[in-house]
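See structure below.
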Amino acid sequence: MEVVRSQKKPSSAAASADVVSNIPLYRSPPTLEVRLEDFERFAVDRLLVLRGISDGLARGKKPDEMEKLVNDLWKANMRHPQASEVINKDIISHFVLRLVYCRTEELRKWFLSIETTLFRYRFRLESSDVHRALMTELGIPYKVVTNAEFEGLKDKLTQVARSVSQPLPTSDGTYYKVPFEEVPELVASRRVFIQKGYAYVALNQVVSFIIPHFRSHLSKALVLTNRKWTSMIREQEKDRLTPIVEALSTSYLGPDYSQAKELGEMSLKDIDQVARTAFPLCMRHLFDTLREDHHLKHGGRMQLGLFLKGVGLKLDDALAFWKAEFSQKVGAERFDKEYAYGIRHNYGKEGKRTDYTPYSCQKIILSTPGVGDHHGCPYRHFSEENLRAALGKMGVSSRALDDVIEKAKTKHYQLACTLTYEAVHGSSCDAGINHPNQYFSDSQKILEAKKLSTA
Amino acid sequence: MTKEEAQNGGDGMLIDDPEPQNAQVDAFPDGFNSNYLKVYYGRLFPHADMFKWMSYGNDGKHPACDQSYFGRREFSFTLDNDIYLRFQSFKSASELENGIKDKCPFKIDIGPVYSVDPSKRLAYAQSGDNIFTPVERELVFDIDISDYDDARYCCSGADVCLDCWPLMTIAVKVIDTALRDDFGFNHILWVYSGRRGVHCWVCDGKARRLNNEQRAAIADYFRLYKGNSNSKSKVSLLGPALHPFLVRSYVDVLRDFFEEKLLCSQQLLSDERYEKILDMIPDESITSELRGKWQDSRRPASGKDVNVVRWEQLKHLLQSGKQKAPGIRRCVEEIVFSFTYPRLDMEVSKHMNHLLKAPFCVHPKTGRVCVPINPAICDEFDPTNVPTLSKLMGEINTAGLQAESHTVWDRTSMGKSIRFFRESFLQPLLKSCKEEIEGSHSVKVQQSKNSLNW
């Protein structure tokens, strides 16, 4: 992306010159000027769409629901004040995220899968003119079946349509003739009539062969991008784009809970009760361990400590809280000497004076607790046995428990936590849990509401 | 070769031969051994033809020929004592011939053409730009009659007889027709596998360049059985209509074969066997009605075969206007398909790097040569009459005395097969390859000319 006035995206080669697809194929990086803020902002907006899709898929939404979800997410996040810039935002954000998500096999897999899904649902909403424009752009050698040809093949095409419960072919409908190698999916499931090496594809089947093209192209592109990134870009851009790129893939995009204004204060006398009713499992575990062992290692202190800050625990109360526990193990003097500093540091009163923000789920999930550690995400880091026991202690019913375990096993840790939340509070959490403090504040809201309704 | 040498297997080793010199061909005891093989590779195996085939026209003098092409093809040899040599490659016809004569392999497999000479593969990294990967490979199929054990009662496992072999014949017909009419392929070689099945080699350029996904798609197009080991022949023909490919297969080949041949040759509706077919009908009232008719087993007055009569009754009941559920009417087709429809080994077809036995090998267990089958007259193919190694030894013995060594094959039972291979398969294939090579060359030349002309 270079420094020039922004131009319209390179439009499709246009078999139909008037029709330009709204869905770019992202074949080549645009030659546009991008402001640094836009670089990050566009990517973040697109990432919200992709994460939303990922979430929807993990929740097992049906195709109709997904179509609506994609539409809503796109409208909500990918707008731009200038209508002409909408497509540029689309393209730029895609290419920025390529840089972010090309860097490991796992990231590439995720990005490929979600971008393909996004493409599929956007494609569904488009007209057949757009479909044809896309086929041309992809270089798929298709021919439109002439009326004469159609009449000759009508019986066979009807047979095929009936065999797969598809709408019957009509002479004003469109059929495409493509080499059978272009549509392996359709051939494999015998959903097309083939003759002398050509497959006769109905209009509504076009999506199933465009998608694999999109996917395989993006897959190759990601590998190439990774090579360029590691060999050249990362170093070249180390003061400008690289820090942005590296932060984006693990970025938490919600509120950061560094200012616990909304909730007011948390006082120490309430803390045990609140831990039992409103803490997510990860913090509950750390809290209980602290109460039991009167000690936590560094990882645990950071994770719980920052969480408590986000919950509204003031510095003085925090010091008192930790001291009360630790002095039972190491003595008050050692606490003051060795541990108080760290707590003050968390609150931005020491050293760089950075006011550290409580950890998001993503960060916690990615942490690596070792022997003797109790931090991390229990849905990921606990054995099934321990997880069951811990959930039982939280009061999760055995039926819900199996669902939670299932989600944890399939690596949907945040969903598992969401289900726990829903089971414990008996109410649904549509947005899903992304941050322990979100779990806490949502729980508090429900508990407040319950208190008021029974008052 | 002198008479003595021929009798001795050509290498001076004595073979037990108590008969006098002008013995009949059965002087050579049946069997498979390296002596016979040595003679076979020396006098009969069509080395030059195999080389021409595998070169696909790249052995010519045309400037567009790829001289490295043949050398990038993988062969593998199975030697005596099960020693297995993979990634063998040869740079020329004579290297191939000498390699085979030298090692005298019990089995020769053909693999894909790789991006580089397979014998040098270790010099190339597995990732990055220099990789060792298949670039071309024929589309192949493997059909084995032992996969039909629940459709035949005459034999099982590796055995084959003239009652069940026709199952292979119709598989050839169904697949061959589809490969030509549906997929548009032209250069197709069917080969007897030497014991209990057939192989198919599709050699069009388009076929050789298919990737694994496309091969899997073609294999799935042919797949019908959704069963598991408990119900291998589970066929489920859902939907209000069948795909035209299945309709054509049924109407042109399978139905008549079932009704006119298989029913009777396998006695499928005999008293001991009809339960299996009744099991495929999901309607109790129909099956008990049929059972009732058949348990009352008076022989039909007309003298017709009881299987035929019972089949008529079954069809009549299932297809009568009274039957409302479409699944019931479809049972008739399902039964026919489940007994007769081709059963392919999917794995063989799906991967470019799958090795397959070369035509004209000799099967170690039967001594039979893997000869080509002409799909146009595949009904006439008789697996029990395929030349064996020992028979050929005798024929060589008789013929080899006068003729030059390079026409010995013509005086043996191999003659027909080699001639068929050359005339019906190899020559048309090579002609088409030559056209392809010259064609793409002139396109390139034209393009470079165009780029110079402003």
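Naming: A, B, ... by sequence-line order, numbering from 1 per chain.
In this structure, A:Pro212 and A:Glu185 have side chains that are in contact, with non-hydrogen atoms separated by less than 4.5 Å. Under the 4.5 Å side-chain criterion, counting only non-hydrogen atoms from C-beta, A:Leu186 is not in contact with A:Phe180.
At a 4.5 Å heavy-atom cutoff, B:Leu179 makes no contact with chain A through either its backbone or its side chain. Using a 4.5 Å cut-off between heavy atoms, A:Phe193 contacts chain B through both its backbone and its side chain. For A:Val192, the part lying near chain B is the backbone, with the side chain staying farther off; criterion is any non-hydrogen pair under 4.5 Å. Heavy-atom distances place the backbone of B:Phe222, and not its side chain, under 4.5 Å from chain A.
Between A:Tyr200 and A:Tyr176, the distance from one ring center to the other does not fall under 6.0 angstrom.
Here OG1 of A:Thr104 is found 10.5 Å from NZ of A:Lys109. Values are rounded to the nearest 0.5 Å.
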Could you give me the CA-CA distance, side-chain angles and deciding distance for B:Tyr221 and B:His243, then say whether ring-ring contact (aromatic ring centres under 6.0 Å, His included) is met?
CA-CA 10 Å; B:Tyr221 179 83; B:His243 188 277; 5.7 Å; yes
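Between chain A and the options B:Arg180, B:Lys206, B:Arg223, heavy-atom pairs under 4.5 Å are most frequent for B:Lys206.
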